[in-house]
Amino acid sequence: MPRAKLISFLTALCLFLATIENAIPKPLPFLRLGLANVPIILALFLLPAKKVLLLTLFKVLTQGVISGTLFSYIFLFSAGGSFASVFAMLALFYLGGTRTEKPVISAIGISLSGSLASTFAQLFLARFLLFGTNTKYIAPILLVSGLVTGCALGVFTELFIQKSKWFSSIKSLTKSKI
């Protein structure tokens, strides 16, 4: 599968998972599971860093267009969280030796780092754009939910990487043909 097709597929998967997530009731409107980040984590294992960043850009832009938030502060929070997340995951992925045959850091650690980076970026934006010092009241809820969802998505992604025939076949193709 050529990289362009793989990036297109992963972008579509991001949008599909975001749609599923939007259908799930939330206890608070701003708490999200981050399901659309699973394809980004998978892409770390399949694509070079520039392509993962491109996938993240596509994810953010298409979600903004489809949800109607492209020109709102919600889009800014989404973009800030997504890019903080992907930069943290890329750093951990490459610095942690995950590109080797026996990675030091699993998808769980990578997901957790991305979730916490996203949370901190969004708290920073909330502090300086919307809520000021009142952000401290929502910070504990966001940090705990970020830890829980980051771990849960990481466990799911790690199991998918280990057991998916699709993933292993795409990974072998990316090593040889892409």
Side-chain angles (χ1 to χ4, degrees), residues 9-47 49 51-53 55-60 63 67 74 77-127 131 135-168 170-171:
F9 173 76
L10 292 172
T11 301
L13 186 57
C14 286
L15 293 175
F16 173 74
L17 292 172
T19 303
I20 297 295
E21 183 171 348
N22 286 334
I24 298 170
K26 298 166 193 59
L28 295 169
F30 48 82
L31 289 181
R32 298 183 52 107
L33 297 172
L35 295 177
N37 292 316
V38 170
I40 304 290
I41 299 168
L42 293 174
L44 290 169
F45 293 89
L46 300 172
L47 297 168
K51 301 299 181 188
V52 175
L53 290 169
L55 172 63
T56 304
L57 177 64
F58 289 159
K59 171 193 164 249
V60 169
Q63 280 182 309
S67 67
I74 295 169
F77 277 72
S78 175
S82 292
F83 280 102
S85 173
V86 77
F87 283 124
M89 291 189 297
L90 280 167
L92 192 60
F93 187 80
Y94 284 99
L95 296 174
T98 309
R99 282 270 185 206
T100 62
E101 288 301 316
K102 293 190 178 191
V104 176
I105 299 169
S106 70
I108 300 167
I110 291 169
S111 175
L112 188 56
S113 73
S115 178
L116 291 175
S118 175
T119 301
F120 280 116
Q122 291 179 357
L123 285 171
F124 176 83
L125 290 169
R127 164 77 168 85
F131 303 117
T135 303
K136 66 184 171 199
Y137 298 115
I138 197 70
I141 295 168
L142 290 177
L143 289 169
V144 169
S145 73
L147 283 169
V148 171
T149 59
C151 285
L153 289 177
V155 167
F156 172 80
T157 306
E158 184 66 30
L159 289 172
F160 185 82
I161 288 169
Q162 291 174 6
K163 299 188 184 284
S164 170
K165 291 179 183 178
W166 173 85
F167 183 82
S168 61
I170 295 297
K171 189 170 183 179

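Under the side chain to side chain donor-acceptor pair (under 3.5 Å) criterion, S82 pairs with K59, sequence neighbours left out. The side chain to side chain contact (heavy atoms under 4.5 Å, CB included) search around T11 returns I7, L55, F58, T62, not counting sequence neighbours. For the ring-ring contact (aromatic ring centres under 6.0 Å, His included) test, no residue two or more places apart in sequence or in another chain qualifies with F156. The side chain to side chain contact (heavy atoms under 4.5 Å, CB included) search around A18 returns A36, Q63, not counting sequence neighbours. Annotation: side chain to side chain contact (heavy atoms under 4.5 Å, CB included) contacts of L17 (sequence neighbours excluded): L13, L35, V38, P39. Evaluation of the side chain to side chain contact (heavy atoms under 4.5 Å, CB included) rule for A117 yields A84, A88 as partners, not counting sequence neighbours. S168 pairs by the side chain to side chain donor-acceptor pair (under 3.5 Å) definition with nothing, not counting sequence neighbours.
For the atom pair CG of L42 and CD1 of I161, the computed distance is 5.5 Å after rounding to the nearest 0.5 Å. I41 contributes atom CD1, which lies 8.5 Å from atom OG of S113 (distance to the nearest 0.5 angstrom). Rounding to the nearest 0.5 Å places CD1 of I105 at 13.5 Å from OH of Y94. In this structure, CG in L95 is found 10.0 Å from CG in L90, a value given to the nearest 0.5 Å. The structure places NZ of K51 at 13.0 Å from CG of L10, a figure rounded to the nearest 0.5 Å. We find the CD-SG distance between E21 and C14 to be 11.5 Å, quoted to the nearest 0.5 Å.
When every heavy atom of L53 is checked against every heavy atom of F83, the shortest pair comes out as O-CE2, 4.1 Å. Closest non-hydrogen pair, F77 versus L125, comes out as CZ-C, 3.8 Å. L92 and G109 get closest at one heavy-atom pair: CD2-O, 3.5 Å. The two residues L123 and A139 have their closest heavy-atom pair at CD2-CA, 3.8 Å. Residue I110 comes nearest to F93 through the heavy atom pair CD1-CD1, 3.5 Å, listed as atom of the first residue, atom of the second, then distance. The shortest heavy-atom contact between E158 and S106 is OE1-CB, 3.4 Å.
In this structure a side-chain-to-backbone donor-acceptor pair under 3.5 Å is missing from S78 to I74. With hydrogens and angles ignored, the 3.5 Å screen pairs no side-chain donor or acceptor of S118 with any backbone N or O of G114. Between the side chain of T135 and the backbone N or O of F131, no donor-acceptor pair lies under 3.5 Å. A donor-acceptor contact shorter than 3.5 Å is absent between the side chain of T119 and the backbone of L143.
Within the structure, no pair that satisfies the side chain to side chain donor-acceptor pair (under 3.5 Å) test touches residues 143-156, not counting sequence neighbours.
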**OP:** Could you walk me through whether S111 and N37 pass side-chain contact (heavy atoms from CB on, under 4.5 Å), step by step?
**Re:** CA-CA 8 Å; S111 175; N37 292 316; over 6 Å; no
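Counting heavy atoms from C-beta outward, I40 and M89 have side chains that approach closer than 4.5 Å.
Between W166 and F9, the ring-plane angle classifies as tilted under the 30° and 60° cut-offs.
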